[in-house]
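Structure first, then comments.
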Amino acid sequence: MDKNDRNGGTSAEFEKKIAELQKIADKLESDAGISLEDSMRMFEDGLALTKECVDSLGAVQTKINELNKQLDGILRQPLFGDGNE
């Protein structure tokens, strides 16, 4: 995929969000001394990041479907005219 997708985001932004999610998960798993309030805030941040990533993947899936429809239309065209020449 191109660095800039056509849906306003970039693959670098997506990778950054995934890395942030991993950091949150690691922190929640490893830090037994974290307060309940901090845990909840981090969990909410993780949910928001997850939604953004799922939305990005949905936009990519929609684009792939559109491109597949275009390809299907191209492949259905006759190679050498319509045969009535």
Side-chain angles (χ1 to χ4, degrees):
M1 176 185 260
D2 193 340
K3 268 193 165 184
N4 289 316
D5 71 28
R6 295 197 173 130
N7 299 306
T10 66
S11 58
E13 289 171 358
F14 181 81
E15 296 293 331
K16 182 179 175 185
K17 289 175 186 176
I18 294 294
E20 288 178 46
L21 274 170
Q22 187 62 53
K23 286 179 188 176
I24 290 170
D26 291 345
K27 179 88 171 161
L28 288 171
E29 289 176 356
S30 67
D31 193 350
I34 193 167
S35 72
L36 180 59
E37 287 178 0
D38 287 342
S39 294
M40 289 300 296
R41 181 189 47 77
M42 292 173 68
F43 186 76
E44 289 172 351
D45 291 347
L47 285 177
L49 284 168
T50 300
K51 181 181 181 330
E52 290 174 20
C53 289
V54 168
D55 289 348
S56 293
L57 291 173
V60 169
Q61 182 64 50
T62 298
K63 185 62 180 178
I64 289 170
N65 291 341
E66 291 171 5
L67 292 171
N68 280 333
K69 285 179 186 176
Q70 288 178 17
L71 178 61
D72 188 50
I74 291 168
L75 294 176
R76 290 179 185 265
Q77 292 177 1
L79 293 176
F80 302 105
D82 62 7
N84 292 327
E85 295 176 18

- Query: What distance do S56 atom OG and K17 atom NZ have between them, rounded to the nearest 0.5 Å?
  - Reply: 5.0 Å
- Message: Just verifying a value: how many Å separate K27 NZ and I24 CD1, rounded to the nearest 0.5 Å?
- Response: 11.5 Å
- Message: Rounded at 0.5 Å granularity, tell me how far CG in L71 sits from CD1 in I64.
- Response: 12.5 Å
- What's the spacing between E66 CD and K69 NZ if we round to 0.5 Å? 7.5 Å
- If you look at every heavy atom in L21 and C53, which pair is closest and at what distance? CD1-SG, 4.3 Å
Please output the side-chain donor-acceptor pairs of residues 44-51 that fall under 3.5 Å, not counting sequence neighbours, one pair per line with the distance.
residue	atom	partner	partner atom	Å
D45	OD2	R41	NH1	3.4
T50	OG1	G46	O	2.8
K51	NZ	D55	OD2	2.8

- Query: Can you tell me how far the CG atom of D72 sits from the CZ atom of R76, to the nearest 0.5 Å?
  - Reply: 4.0 Å
- Between atom CD of Q70 and atom CD1 of I74, what is the distance when rounded to the nearest 0.5 Å? 6.5 Å
- Task: Look at the side-chain heavy atoms of Ile, Leu, Val, Met, Phe, Trp and Tyr, link any pair under 4.5 Å apart, and say whether I34 and F43 land in one connected group.
- Result: no
